[in-house]
Visitor: 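Can you keep this structure in mind? I'll have questions shortly.
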Amino acid sequence: MSVVDSALAQIHQLQPYQPGKPVEELERELGIRNADKLASNENPLGCSPLARAAIENALDDIWLYPDANAWYLKQALAQKLGVDENQVTIGNGSNDVLDLIARCFLERDTEAVFSRHAFLVYSLVTRACGASARVAAALPADHAQAYGHDLDAMLAEINERTRLVFIANPNNPTGTWVARAALESFLEAVPERVAVVIDEAYFEYVDEQDYPNALDWLATYPNLIVSRTFSKIYGLAGLRVGYAVSSAELCDLFNRVRQPFNGNSLALAAAKAALDDDDFVLRSRQANSHGLQFMRRELAARSIDYIPSAGNFVSAKFGSGTMQVYQGLLERGVIVRPVANYELGEYLRISVGTEPQLERLFAALDDIL
Ligand SMILES: *Cc1c(COP(=O)(O)O)cnc(C)c1O
């Protein structure tokens with residue numbers, strides 16, 4: 001038996017996460033220099049100048065270990081969010097936080113519940129712990145929240161082995177979201193021993209009237225954990241900072257399994273500075289809202305079906321020609337994201353770019369179609 005065979009069976013069964021194609025890779029392959037990446041829901045405005053300045057400032061100290069407790073960042077987050085700093089867990093991206101949570105609750109013979117078409121990391125962290133995934137049926141294609149989370153179906157998957165439920169609000173790659181009243185009834189119905197993660201990676205982008213802020217429920221539901229990130233609207237995806245907000249008791253557990261230096265010093269400094277730049281967040285939000293409107297209009301004008309999205313991306317339907325369209329876009333220097341691994345093989349997920357990027361996208365689409 002080889003050493004590879006001695007690795008855990010659950011690890012052998014994992015499929016590696018497929019990231020968006022990096023710009024440099026496509027440019028290398030095509031010998032071009034100005035590719036546009038609309039494949040990973042990054043902020044096309046970049047990041048706040050305050051974050052850049054904070055990084056420059058922090059450079060002198062990179063020979064020192066970072067603050068393992070991320071005191072300044074937690075302090076700033078606690079103040080901004082109206083929670084206590086001992087309720088905040090910092091992660092190397094919010095994916096790290098999801099992994100910490102899974103490791104606190106899941107092992108063999110336990111289960112996690114999430115929806116079909118939900119963010120793939122839920123499945124990855126669940127299976128890596130040797131636990132089983134209970135995948136709930138999604139809402140039907142003709143529903144206003146097509147392919148979105150069906151909370152009743154998710155509730156029906158909860159049993160005595162369930163330890164954890166993942167809800168993405170809004171979800172990636174569908175962009176669907178769950179309204180306040182429905183989510184509150186769900187929390188009310190879930191047994192208190194089952195932890196519920198509400199992943200709000202796109203929280204700052206959402207404009208919808210009935211979209212809830214899950215932090216409002218923390219005091220009522222001790223089993224609630226809310227995760228957010230600096231990768232999306234804050235434009236710091238490359239630095240890897242995310243966080244969870246929960247009860248202080250759960251936070252204490254997460255910090256026991258957390259790697260002591262999972263937030264590097266440049267990332268901690270940049271994230272703290274980014275929090276102060278309300279103007280950058282507002283501009284990003286407005287640009288996204290305009291971009292979304294532009295995309296909806298242009299897709300509709302071409303009779304291309306799409307899933308209505310509350311995030312900074314839209315999944316559009318190209319049917320049986322999806323991979324040809326993907327390739328055609330690559331050849332024209334535009335990178336989007338196939339989502340067949342989310343069981344949405346007829347769709348491409350397109351991040352909301354700047355206006356010039358979106359014009360290039362639609363010109364390329366016209367050329368292909
Ligand atoms: C992008 C994304 C995240 C954030 O990942 P990071 O590790 O913070 O970069 C989390 N959840 C969902 C649903 C996402 O789409």
Side-chain angles (χ1 to χ4, degrees), residues 17-46 117 119-120 141-142 146-147 170-176 202 205 207 231-233 235 237-238 283-369:
Y17 183 81
Q18 294 171 2
K21 194 177 184 67
V23 170
E24 297 79 13
E25 189 179 300
L26 182 68
E27 292 182 344
R28 237 178 6 250
E29 288 169 4
L30 294 184
I32 59 168
R33 289 201 43 210
N34 55 350
D36 278 320
K37 185 178 175 208
L38 302 176
S40 299
N41 304 344
E42 292 139 339
N43 186 338
L45 304 188
H117 316 300
F119 187 47
L120 273 181
D142 59 359
Y147 306 107
N171 183 44
N172 165 20
T174 55
T176 49
Y202 301 94
Y205 276 119
D207 260 336
S231 298
K232 302 288 157 62
I233 209 163
R283 278 192 290 123
S284 301
R285 208 181 142 94
Q286 285 170 344
N288 187 65
S289 168
H290 288 135
L292 269 181
Q293 280 171 36
F294 181 85
M295 285 175 82
R296 289 180 191 132
R297 198 171 58 233
E298 296 299 312
L299 287 167
R302 290 163 180 78
S303 303
I304 300 171
D305 243 357
Y306 61 90
I307 307 173
S309 169
N312 65 341
F313 55 89
V314 175
S315 286
K317 190 172 186 179
F318 296 96
S320 55
T322 296
M323 286 316 279
Q324 284 97 302
V325 174
Y326 171 66
Q327 278 303 331
L329 287 173
L330 284 183
E331 286 155 21
R332 290 160 181 82
V334 181
I335 311 171
V336 299
R337 188 77 155 267
V339 279
N341 49 347
Y342 286 91
E343 298 182 87
L344 291 169
E346 301 195 309
Y347 287 79
L348 292 173
R349 194 193 67 199
I350 308 169
S351 304
V352 177
T354 60
E355 227 168 272
Q357 288 176 326
L358 293 177
E359 275 161 11
R360 179 182 187 181
L361 165 81
F362 283 104
L365 277 178
D366 288 339
D367 202 26
I368 297 163
L369 303 169

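Along the sequence shown, the residues carry numbers beginning at 1. For clarity, every value in this text was computed on a predicted model and none was experimentally measured.
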Visitor: Go through the structure and list residues passing side chain to side chain donor-acceptor pair (under 3.5 Å) with T176, not counting sequence neighbours.
Guide: T174
Visitor: Tell me every residue that passes salt bridge (Lys or Arg N to Asp or Glu O under 4.0 Å) with K21, counting only those two or more places apart in sequence or in another chain.
Guide: E25, E29
Visitor: Mind checking what makes salt bridge (Lys or Arg N to Asp or Glu O under 4.0 Å) contact with R296, not counting sequence neighbours?
Guide: none
Visitor: Is a donor on one side and an acceptor on the other found under 3.5 Å between the side chain of N171 and the backbone of H117?
Guide: yes
Visitor: By side-chain contact (heavy atoms from CB on, under 4.5 Å), which residues pair with D36, not counting sequence neighbours?
Guide: Q357, R360
Visitor: Whether the side chain of N41 engages the backbone of F313 through a donor-acceptor N/O pair (distance < 3.5 Å, no angle test) should be reported.
Guide: no
Visitor: Which heavy atom of G291 sits nearest to which heavy atom of V352, and what is that distance?
Guide: CA-CG1, 3.6 Å
Visitor: Going by the salt bridge (Lys or Arg N to Asp or Glu O under 4.0 Å) test, which pairs reach into residues 299-308, not counting sequence neighbours?
Guide: E298-R302, R302-D366
Visitor: Mark yes or no for whether S315, through its side chain, and P173, through its backbone, hold a donor-acceptor pair below 3.5 Å.
Guide: yes
Visitor: Mind checking what makes side chain to side chain donor-acceptor pair (under 3.5 Å) contact with D142, not counting sequence neighbours?
Guide: none
Visitor: Between S351 and L38, is there a donor-acceptor pair closer than 3.5 Å when you use the side chain of the first and the backbone of the second?
Guide: yes
Visitor: Should D207 and R285 be marked as a side chain to side chain contact (heavy atoms under 4.5 Å, CB included) after you check the CA-CA gap, both sets of side-chain angles, and the distance that decides it?
Guide: CA-CA 9 Å; D207 260 336; R285 208 181 142 94; 2.7 Å; yes
Visitor: List for me each residue that meets ring-ring contact (aromatic ring centres under 6.0 Å, His included) alongside Y306, sequence neighbours excluded, and say none if there are none.
Guide: none
Visitor: Measuring from atom CG of L45 to atom OG1 of T354, what distance do you get when rounded to the nearest 0.5 angstrom?
Guide: 8.0 Å
Visitor: Suppose we screen for side chain to side chain donor-acceptor pair (under 3.5 Å). Which residues come up paired with S284, at least two apart in sequence or across chains?
Guide: N43
Visitor: Please test Y347 against Y147 for ring-ring contact (aromatic ring centres under 6.0 Å, His included), starting from the C-alpha separation and ending with a verdict.
Guide: CA-CA 12 Å; Y347 287 79; Y147 306 107; 5.7 Å; yes
Visitor: Just to verify, which of V314, L369, L348 counts as forming a side chain to side chain contact (heavy atoms under 4.5 Å, CB included) with I304?
Guide: L369
Visitor: Using the test side chain to side chain donor-acceptor pair (under 3.5 Å), find all partners of S289 that sit at least two apart in sequence or belong to another chain.
Guide: none
Visitor: Hey, could you give me the CZ/CD1 distance between R283 and I233, rounded to the nearest 0.5 Å?
Guide: 11.0 Å
Visitor: What is the distance from atom OG of S309 to atom CD1 of I350, rounded to the nearest 0.5 Å?
Guide: 11.0 Å
Visitor: Mind listing the side-chain donor-acceptor pairs of residues 322-341 below 3.5 Å, one per line with the distance, residues two or more places apart or on another chain?
Guide:
from	atom 1	to	atom 2	distance (Å)
T322	OG1	G319	N	3.4
T322	OG1	G319	O	2.6
T322	OG1	E346	O	3.0
R332	NE	D367	OD2	2.8
R332	NH1	G328	O	2.9
R332	NH2	D367	OD2	3.3
R337	NH1	A39	O	2.6
R337	NH2	Y17	OH	3.3
R337	NH2	Q18	O	3.0

Visitor: Can you tell me how far the CZ atom of R349 sits from the OG atom of S40, to the nearest 0.5 Å?
Guide: 6.5 Å
Visitor: For Y202 versus G311, what's the shortest heavy-atom pair and its separation?
Guide: CB-CA, 4.5 Å
Visitor: Just jot down the salt bridge (Lys or Arg N to Asp or Glu O under 4.0 Å) partners of E359, sequence neighbours excluded, or say none.
Guide: none
Visitor: Taking all heavy atoms of A146 and all of A141, pick out the closest pair and write down the distance.
Guide: CB-O, 3.3 Å
Visitor: Return the set of residues passing salt bridge (Lys or Arg N to Asp or Glu O under 4.0 Å) with E27 (not counting sequence neighbours), or none when no residue passes.
Guide: none
